[in-house]
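Notes to accompany the following structure.
Treat the numbers as computed from the prediction; the structure is a model and nothing was measured. We use all heavy atoms of the structure for the numbers below, so side chains are in, but hydrogens, waters and symmetry mates are not.
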Amino acid sequence: MRFRYIAIEGPPGLGKTGLARRLSEKLEGESVLDDELNPFFDDFLAGRSGAAFQAQVFYLMNRYLKLSRLSQRELFKGVEIADFIMAKDRIYAYLNLDDTELMLYEKIYPTIAATVPAPEMVIYLQAPASTLLKRLRRGATRVPDDEAVREIVRAYDYFFFHYSATPLLIVNCSEVDFARPETKLDDLIAEIGLMSGGTRYFVPTAG
């Protein structure tokens, strides 16, 4: 495996965490997983004043700590598979914070983001909002409303349309769910092996 540090990104519902776990096991590496629990998240959903900023900063610091620990591992002896990139935090900040909160956030984020290791390649899991909503409703207890999901998809698509920081593999997940154990990973791993630079598109088949 040419890449020792791979990050998986995409909107919620496409199986980033499940794929990170499965890939790290398949490649005999380790997974670095984003925390889902946030003590301010319920207040944010309820619309309490200031809760969006508190929730965002909590996520930012947790992501920083996760990736800081990763930078301390000895030159990535094995493959590291993360289910997020640091820029994810900024995507959601611009979706959820007001102008004053964003001004404060932008005083914090650049300094923190500059200190964590960058992935060697990124896998972007992509699908339409209708697919996300169907999968989120399949098992989640808290599902964003339709328009919120569409905004998230638009934000991710915009970000990765302009992304050039690392090799980027865009994977169409409309017909497959890599988090499911019955979904084979061999073709995806082969696509990762073909990556060198720039952007590559992969449309996997079910089965």
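Note on L65 and M86: same hydrophobic cluster, where clusters join Ile, Leu, Val, Met, Phe, Trp and Tyr whose side-chain heavy atoms are under 4.5 Å apart, directly or indirectly. Each of F40 and Y109 belongs to its own hydrophobic cluster when Ile, Leu, Val, Met, Phe, Trp and Tyr are linked at side-chain heavy-atom distances under 4.5 angstrom. Linking Ile, Leu, Val, Met, Phe, Trp and Tyr residues whenever their side-chain heavy atoms come within less than 4.5 Å places V32 and M61 in a single cluster. There is a path of hydrophobic side-chain contacts, each under 4.5 Å, that joins L185 to V176.
Residues Y59 and F41 form a side-chain contact, since some pair of their non-hydrogen atoms from C-beta on lies under 4.5 Å apart. With contacts defined as side-chain heavy-atom distances shorter than 4.5 Å, the pair I8/F178 does not qualify. Looking only at side-chain heavy atoms (C-beta outward), L67 and T115 stay at 4.5 Å or farther from each other. You'll find the side chain of E30 stays beyond 4.5 Å of the side chain of I81, heavy atoms only. Using a 4.5 Å heavy-atom cutoff, the side chains of I6 and E120 are not in contact. No side-chain heavy atom of K134 sits under 4.5 Å from any side-chain heavy atom of T131. Between R135 and C173 the shortest side-chain heavy-atom distance falls below 4.5 Å. Proximity of V153 to P128: side-chain heavy atoms (C-beta onward) are nowhere separated by under 4.5 Å.
Rounding to the nearest 0.5 angstrom, the gap separating the CZ atom in R150 from the CG atom in D145 is 8.0 Å. Note that CG of L133 and CZ of R137 are 4.5 Å apart. Values are rounded to the nearest 0.5 Å. The CD1 atom of I123 sits 4.5 Å away from the CE atom of M121 when rounded to the nearest 0.5 Å. Rounding to the nearest 0.5 angstrom, the gap separating the CD atom in Q126 from the CG atom in L132 is 10.5 Å. Expressed to the nearest 0.5 Å, how far CG of L136 lies from CG of L14 amounts to 8.0 Å. For the atom pair CG of L125 and CG of D177, the computed distance is 9.5 Å after rounding to the nearest 0.5 Å.
A salt bridge links R154 with E147: the distance from a Lys NZ or Arg NE/NH1/NH2 to an Asp or Glu carboxylate oxygen falls below 4.0 Å. In this structure, D83 does not pair ionically with R22, as no charged nitrogen and carboxylate oxygen lie closer than 4.0 Å. With respect to R4 and E80, no salt bridge is recorded, no charged nitrogen being found less than 4.0 Å from a carboxylate O.
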Checklist entry - Going through the distances and angles, do L194 and R200 end up as a side-chain contact (heavy atoms from CB on, under 4.5 Å)? => result CA-CA 9 Å; L194 293 172; R200 187 178 179 90; 3.2 Å; yes
Next on the checklist: Run the side-chain contact (heavy atoms from CB on, under 4.5 Å) test on F53 and L97 for me, step by step, so that the C-alpha distance in whole Å, both residues' side-chain angles and the decisive distance to 0.1 Å come before the verdict.
Outcome noted: CA-CA 6 Å; F53 184 75; L97 302 183; 4.3 Å; yes
Next on the checklist: Working note: L188 + F202, criterion side-chain contact (heavy atoms from CB on, under 4.5 Å); need CA distance, chi angles, decisive distance, verdict.
Outcome noted: CA-CA 8 Å; L188 176 62; F202 175 45; 4.0 Å; yes
Next on the checklist: Before you tell me yes or no, could you show the steps for V171 and E191 under side-chain contact (heavy atoms from CB on, under 4.5 Å), namely the whole-Å CA-CA distance, both residues' side-chain angles and the distance that decides it to 0.1 Å?
Outcome noted: CA-CA 10 Å; V171 181; E191 289 292 326; over 6 Å; no
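The salt bridge (charged side-chain N to carboxylate O under 4.0 Å, His left out) check on D157 picks up nothing, with sequence neighbours excluded. Annotation: side chain to side chain donor-acceptor pair (under 3.5 Å) contacts of D89 (sequence neighbours excluded): Q56, R63, Y105. Applying the salt bridge (charged side-chain N to carboxylate O under 4.0 Å, His left out) criterion to E106, with sequence neighbours excluded, gives R90. With sequence neighbours excluded, the residues forming a salt bridge (charged side-chain N to carboxylate O under 4.0 Å, His left out) with D186 are K26, listed by chain and number.
Between A7 and P119, the shortest heavy-atom distance links the atoms CB-CB, 3.8 Å. Minimum interatomic distance between S24 and R21 (heavy atoms only, all atoms of both residues): OG-O, 2.9 Å. The minimum heavy-atom distance linking R2 with G193 is given by the pair NH1-O, 3.6 Å.
The local environment of OH in Y64 is sparse, with at most 12 non-hydrogen atoms from other residues, nucleotides or ligands closer than 6.0 Å. No more than 12 heavy atoms of other residues, nucleotides or ligands shown are found within 6.0 angstrom of CG on L37.
Chaining together hydrophobic side chains whose heavy atoms lie under 4.5 Å apart places Y163 alongside I85, I91, Y92, L95, V122, Y124, I152, Y156, F159, F160, L168, I170, Y201. Listed by chain and number, the hydrophobic cluster partners of M103 come to none, as no ILVMFWY side chain reaches under 4.5 Å of it.
A donor-acceptor pair under 3.5 Å is absent between the side-chain atoms of K16 and the main chain of A179, judged by distance alone. With hydrogens and angles ignored, the 3.5 Å screen pairs no side-chain donor or acceptor of K66 with any backbone N or O of D34. The backbone N or O of E9 lies less than 3.5 Å from no partner atom in the side chain of K88, so there is not a single donor-acceptor pair. Of the possible donor and acceptor atoms, one in the side chain of N38 sits under 3.5 Å from a partner among the backbone N and O of A55.
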